[in-house]
Amino acid sequence: MRAELVNRLAAAGLPKVEAVSFVSAERVPQMAGAEEVVAGIDRRDGVAYAGLVLNEKGYERFAATGLDELHFTLAATEAFNRRNANRSIDESVEELARIRTDSPVSVSISVSFGCPFEGEVDPQKVLRLAERVTEAGADEVLFADTIGVGVPRQVRELLEGASGLGVPVGLHLHDTRNTALANAYAGLEAGATVFEASVGGLGGCPFAPRATGNVATEDLVYLLHGEGLETGIDLDALVGVAEWLEGVLGRPLPGRVYRAGPAFAG
């Protein structure tokens with residue numbers, strides 16, 4: 001089913017799809033069998049297929065699959081990084097620096113807007129970490145609102161502070177408190193050029209208590225198209241993917257546009 005989902009998203013015009021995560025199947029059983037998923041993908045020209053890793057071991061698995069883009073994640077707080085990656089922030093940065101690859105490297109900084117274990121996160125600490133990962137090889141940096149506590153003011157502050165990194169910056173947003181689209185719009189105005197989302201609003205994090213899904217891809221695309229931005233994504237086809245996924249899972253998804261219809265922004 002996961003390979004079929006990737007194929008359907010690519011067919012809808014998504015320029016990039018994070019297809020799999022190369023993480024411990026023991027700790028995150030939902031992500032087991034990444035290599036089998038990759039083998040089932042029908043690769044399409046013009047689509048970048050990415051794999052997520054937390055460490056060098058994950059990178060070795062990524063490299064063996066021939067995927068196009070490496071996604072590396074670490075956290076802005078020690079407590080969350082130890083729970084998610086089983087290592088310190090410094091150790092994660094060192095692992096990133098040791099990875100040598102010709103593939104583009106996108107780094108996501110989890111809990112950039114707030115941590116379930118340490119509470120509020122100093123934006124200057126996040127920006128210093130963004131500088132460190134850029135020096136360690138990141139070609140792109142995303143600030144992740146892992147537990148959905150961020151508000152537009154924080155988004156603007158972080159993105160304005162990251163304007164001198166010299167690499168594209170973006171957002172990975174969860175909609176736990178119904179602020180994801182407002183944050184995406186604030187990010188767009190503040191210079192974000194990359195947004196990570198999940199069809200139907202699925203997602204979450206096993207190491208973040210009460211975390212809910214990402215902003216729905218179709219909701220975000222509806223907003224972008226309504227603002228006159230060209231994404232190359234077929235919104236009607238994307239809504240169709242969400243409808244198909246609802247049938248596969250046998251339950252309604254959190255996304256709104258796939259239920260209400262794309263209206264005038266298709």
Side-chain angles (χ1 to χ4, degrees), residues 15-16 18 52 71-77 80-81 84 89 106-134 138-199 201-205 208 210-231 233 254-257 265:
K16 183 192 304 184
E18 186 178 280
L52 177 72
H71 288 186
F72 187 98
T73 187
L74 77 172
T77 67
F80 195 90
N81 206 65
N84 192 51
I89 295 173
S106 177
V107 174
S108 177
I109 302 177
S110 300
V111 296
S112 288
F113 299 90
C115 174
F117 309 113
E118 296 189 20
E120 295 183 5
V121 178
D122 181 356
Q124 293 307 311
K125 177 181 178 181
V126 179
L127 291 170
R128 287 193 296 271
L129 182 55
E131 292 173 356
R132 292 179 66 193
V133 299
T134 303
D139 299 303
E140 172 183 284
V141 175
L142 278 75
F143 300 105
D145 188 11
T146 311
I147 58 172
V149 293
V151 295
R153 171 188 56 78
Q154 293 172 287
V155 169
R156 288 190 291 269
E157 184 175 6
L158 270 186
L159 289 177
E160 289 167 4
S163 62
L165 287 177
V167 298
V169 295
L171 295 167
H172 172 110
L173 299 169
H174 288 248
D175 203 26
T176 312
R177 292 166 177 81
N178 201 32
T179 57
L181 283 175
N183 288 337
Y185 189 77
L188 187 66
E189 290 190 315
T193 58
V194 183
F195 295 90
E196 289 189 342
S198 178
V199 65
L202 289 179
C205 177
R210 297 185 298 279
T212 59
N214 295 76
V215 61
T217 311
E218 63 276 11
D219 293 3
L220 180 59
V221 172
Y222 177 87
L223 171 68
L224 296 175
H225 287 186
E227 287 297 303
L229 297 173
E230 289 294 331
T231 66
I233 297 169
R256 295 173 177 84
V257 167

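Computed from heavy atoms alone, side chains included, the values below leave out hydrogens, waters and symmetry copies.
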Using 0.5 Å steps for rounding, measure from the [atom1] atom of [X] to the [atom2] atom of [Y].
X	Y	atom1	atom2	value
S106	F72	OG	CZ	11.5 Å
T146	F113	OG1	CZ	9.5 Å
L181	L224	CG	CG	9.0 Å
L223	T231	CG	OG1	11.0 Å
H71	E140	NE2	CD	6.5 Å
S112	L171	OG	CG	9.0 Å

Task: Full working for side chain to side chain contact (heavy atoms under 4.5 Å, CB included) between V257 and V221 - done: CA-CA 10 Å; V257 167; V221 172; over 6 Å; no
Quick one: side-chain contact (heavy atoms from CB on, under 4.5 Å) partners of [X], sequence neighbours excluded?
X	result
H174	H172, T176, N214
A162	L127, F143, L165, V169
N81	L74, A75, A85, R87, I89, S92

Where do [X] and [Y] come nearest, in terms of heavy atoms and distance?
X	Y	answer
A197	V215	CB-O, 3.3 Å
E157	P123	OE2-CG, 3.5 Å
C115	T77	SG-OG1, 3.2 Å
V121	A76	CG1-CB, 4.1 Å

Donor-acceptor pair, side chain of [X] and main chain of [Y], under 3.5 angstrom:
X	Y	answer
N84	F80	no
D175	T179	yes
T73	S108	yes
Q154	V151	yes
S198	A216	no
R177	I147	yes

Between [Y] and [X], is there a side-chain heavy-atom distance shorter than 4.5 Å?
X	Y	value
F117	V111	no
L220	L173	no
I233	P15	yes

TODO: For V155 and D145, run side chain to side chain contact (heavy atoms under 4.5 Å, CB included): C-alpha distance rounded to whole Å, both residues' side-chain angles, the deciding distance at 0.1 Å, then the answer.
DONE: CA-CA 9 Å; V155 169; D145 188 11; over 6 Å; no
